[in-house]
Protein chains: 2
Amino acid sequence: MDRPRKPTLDTVASAVGVSRATVSNAYNRPDQLSAALRERILATAAEMGYTGPDPVARSLATRHSAAVGFMLGQQLSTSFSDPALSVVLDGLASTVDGHDHCLVLMPGRDRGGPRPETVARAQADVVVAYSLPDDAPALAAARARGLPMVVIDQPVLPDTARVEVDDLGGARMAATALRELGHRRFGVVTFALHPDGHSGPVSAERLESAPFRVTRDRLRGYLAVVGAQPVWECARSSRELGRAGARELLSASPRPTALLCASDELAFGALQAVRDLGLRVPADVSVIGFDDVPAAEHADPPLTTVRQPLTEKGRRAGELALRLLDGGRPGEPTRLPVSLVLRDSTAAPE
Amino acid sequence: MDRPRKPTLDTVASAVGVSRATVSNAYNRPDQLSAALRERILATAAEMGYTGPDPVARSLATRHSAAVGFMLGQQLSTSFSDPALSVVLDGLASTVDGHDHCLVLMPGRDRGGPRPETVARAQADVVVAYSLPDDAPALAAARARGLPMVVIDQPVLPDTARVEVDDLGGARMAATALRELGHRRFGVVTFALHPDGHSGPVSAERLESAPFRVTRDRLRGYLAVVGAQPVWECARSSRELGRAGARELLSASPRPTALLCASDELAFGALQAVRDLGLRVPADVSVIGFDDVPAAEHADPPLTTVRQPLTEKGRRAGELALRLLDGGRPGEPTRLPVSLVLRDSTAAPE
DNA sequence: TTGTAAGCGTTATCAA
DNA sequence: TTGATAACGCTTACAA
């Protein structure tokens, strides 16, 4: 079988007996040629099985690809499984969707982010980076390419648009509420401070050198209020790891009366850990989360947590991305408010 | 300011004093030149701010872009908010991630799928279609481009790889279980049969002409067992719509003793609707779902549902996509098993 | 080990 | 309204 070479603009052009430019115009600038000719071109094209300009060639010529890239510090699949992240992406997607751009999710991980080669190859006109460590190679790669960038949460980079939240203040608020209820012995469960897969207790030194700004701030916020207290780091923000971490913290004696978690996912695990030990929330142990993901209010008991406007965060990032695409300047960082949502997982210690 | 034209292979080549091909080799085939020369080239490149071959130009020359496209019948943001879909995408993403391909999510909606123009422009080597109506223009567009395609759930198309599940059998199983418990009066809550945004009661004619195979099969499965019973269609698979639909069905008299839902999301809404009316699940009304999303077992009460292996579905689709990418043949459809998971939302009628 | 030359399939500018 | 012609930036035989 003689492989039937795919028709191109040229093929169609010579079939119709016009120039390539004219065929191009038939697709891109209908007003540049007579309706009759255009009709004829389109008909012949259809007949030949030509589906219109090749997207890659077009992108090469126009130098843009109508796509928004997205890079994150975890596995690609986290985009769909982490509740907080997926709400952010929901917001981002709805913005991008409305403007008919594709959303390009980049794979891979190298010290907390896609590999630089991946970034160098990704077909996108702008990228949004989600909570990458300050030193992620992916960041350098994106900059080097000169890709406009919007950064969610971190890091702070010159010439990038930014959307962020007051993690420090939120954490402080949460810890303060607990202290005012009378709690004095705390345990803190956090997700990764460093992209090294470590799980376990956290030293002050490890905390201070952490490249994940968000984690660092939430932790600092907690500790600023409650003083030096045991901290357990989980490699990822997952229920399972939170459960294990909380169990470790709860095995200390005297036992902490309150658990401060860096995310709702971890808090859900902590809730489970308390039950595992035959204890009750909040009678024996108070648990507080961070994010206010949709599941927080349906947890058992409903989770007290620090709310950040996740959908809005994604939406804003999307708007900024589109603006950069149009040649706009990054402008001042967008700072979204946080607030404490009191539910039933917290109470005064007995 | 004189806009500093971005350096290209050519620029670098002449700066180093070699040919363009050699610079290209320095990046793509390190073994084709001496280490020393390569070193020199890379150094000069770095110095000039050249970040390596432009991805679009490279794609044009090689005719592939290391990206897997994904198209679905709902808004882009559903990818992150629909529990069943996001688990499927989780599986797909983890496969794609491991092979260092980008995942390109296509936006837009036109009769249940991205607009054909969008598909024509998307930069991907293969596309995965998720539960698109048989007549979605997006499908034709993808075919026309000659993009290899893997179809999840539907439609059945020649020359495409396929992953599917026995929706009909699963629904039948669920309905049978309820009948055997003694239920005789049912209500059925379904998501869209047609991509027209309609919500309300469903006629037999509307059911039979439905272009959404999955919906049709689940419904047929239910009705085959329970006979002609009232069906309420929701425009989307959402808790809110499920709640409203269930409320309608429950207002009939005599009241149905069991609600058959086409998805867990709808079932969660139905659970709520039963409570809204001051009734109890399962004492007054039994509720059954479909999918077995993670939240099903944590629902109140834990939801009886038809399990389909969602993660596996995505993972298989990913593997098929990668195989097609390597020039493989579509092969036989992959059919994944379903099973009934009995939890606490079903019981014998009083 | 390096270079030459012919693509890859478009868009865009400007003249006819 | 249409057509030359020159980009766009790269890969890859094949020849040197």
Side-chain angles (χ1 to χ4, degrees), chain A residues 3 5-42 44-45 48-66 117 120-123 125 144-147, chain B residues 3 5-42 44-45 48-66 117 120-123 125 144-147:
Chain A
R3 81 195 162 97
R5 209 131 190 36
K6 263 183 109 179
T8 72
L9 263 194
D10 262 322
T11 333
V12 177
S14 53
V16 181
V18 296
S19 85
R20 188 170 46 186
T22 302
V23 179
S24 172
N25 282 333
Y27 285 95
N28 302 309
R29 310 188 174 175
D31 49 311
Q32 294 295 295
L33 44 86
S34 63
L37 177 55
R38 171 152 195 265
E39 224 19 83
R40 220 174 83 226
I41 292 177
L42 262 28
T44 323
M48 304 180 66
Y50 178 73
T51 3
D54 176 279
V56 177
R58 179 201 297 250
S59 288
L60 178 59
T62 59
R63 279 187 297 295
H64 57 293
S65 44
E117 298 79 26
R121 289 172 133 88
Q123 255 140 65
D125 304 321
R145 265 186 68 177
L147 279 178
Chain B
R3 83 194 161 94
R5 208 124 193 42
K6 266 184 105 182
T8 72
L9 262 194
D10 261 322
T11 333
V12 177
S14 53
V16 181
V18 298
S19 85
R20 188 170 46 185
T22 303
V23 179
S24 172
N25 282 332
Y27 284 95
N28 301 311
R29 309 188 173 176
D31 49 311
Q32 295 295 295
L33 40 70
S34 65
L37 178 55
R38 172 154 196 266
E39 224 19 84
R40 221 172 84 225
I41 292 177
L42 262 29
T44 323
M48 305 180 65
Y50 179 73
T51 1
D54 175 279
V56 177
R58 178 201 297 249
S59 288
L60 178 58
T62 59
R63 281 188 297 298
H64 57 292
S65 44
E117 298 79 24
R121 289 172 132 88
Q123 255 139 63
D125 305 321
R145 265 186 67 177
L147 278 177

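A note on names: the letters A, B, ... follow the listed sequences, proteins ahead of strands, and every chain is numbered from 1.
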Once side-chain contact (heavy atoms from CB on, under 4.5 Å) is applied, do any residues pair with [X], and if so which ones, sequence neighbours excluded?
X      : result
A/L147 : A/V127, A/R145
B/A144 : A/T51
B/A21  : B/S19

Measure from the side chain of A/T22, starting at C-beta and using heavy atoms only, and say which of D/dG3, D/dC8, C/dG3 lies closest. D/dG3
From C/dT10, C/dT4, D/dT1, pick the nucleotide closest to the side chain of A/D54? C/dT10
Stepwise side chain to side chain contact (heavy atoms under 4.5 Å, CB included) check, A/S59 with B/Q123: CA-CA 9 Å; A/S59 288; B/Q123 255 139 63; 2.8 Å; yes
[X] [atom1] - [N] [atom2] separation (whole Å):
X      : N      : atom1 : atom2 : answer
B/D10  : D/dC8  : CG    : C1'   : 11 Å
A/K6   : C/dG9  : NZ    : P     : 9 Å
A/Q123 : D/dG9  : CD    : P     : 14 Å
B/R121 : C/dG9  : CZ    : P     : 18 Å
B/L60  : D/dA7  : CG    : P     : 17 Å
B/R63  : C/dT10 : CZ    : P     : 12 Å

Report the residue from A/D10, A/T11, A/N25 that forms a side chain to side chain donor-acceptor pair (under 3.5 Å) with A/R20. A/D10
Determine the contact category for B/L33: base if any of its heavy atoms lies under 4.0 Å from a base atom, sugar-phosphate if only primed atoms, P, OP1 or OP2 are that close, otherwise nothing. sugar-phosphate
Regarding B/V18, tell me which of base, sugar-phosphate or nothing describes its non-hydrogen contacts under 4.0 Å with the strands shown. sugar-phosphate
With a cut-off of 3.5 Å and sequence neighbours excluded, list every side-chain donor-acceptor pair involving residues 28-36 of chain B.
residue: B/N28; atom: OD1; partner: B/R58; partner atom: NH1; Å: 3.1
residue: B/N28; atom: ND2; partner: B/S24; partner atom: O; Å: 3.3
residue: B/N28; atom: ND2; partner: B/S24; partner atom: OG; Å: 3.4
residue: B/S34; atom: OG; partner: B/L37; partner atom: N; Å: 3.2

Using a cut-off of 4.0 Å between protein heavy atoms and nucleotide atoms, how would you tag nucleotides 11-16 of chain C 5' to 3' with B, S and -? BB----
Yes or no on side chain to side chain contact (heavy atoms under 4.5 Å, CB included) for A/V16 and A/V23, after CA distance, side-chain angles and deciding distance? CA-CA 9 Å; A/V16 181; A/V23 179; 5.5 Å; no
Would you tell me if any nitrogen or oxygen in the side chain of A/T8 comes within less than 4.0 Å of OP1 or OP2 on C/dC8? no
D/dG3, OP1 or OP2 - any side-chain N/O from A/S19 closer than 4.0 Å? yes
Could you please spell out the steps behind the side chain to side chain contact (heavy atoms under 4.5 Å, CB included) verdict for A/T44 and A/Y50? CA-CA 8 Å; A/T44 323; A/Y50 178 73; over 6 Å; no
Angle between the two end axes of the helix from C/dT1-D/dA16 to C/dA16-D/dT1, five base pairs per end, rounded to 10 degrees? 30°
Look at the side chain of B/R38 and the backbone N and O of B/A26, then say whether any donor-acceptor pair between them is shorter than 3.5 Å. yes
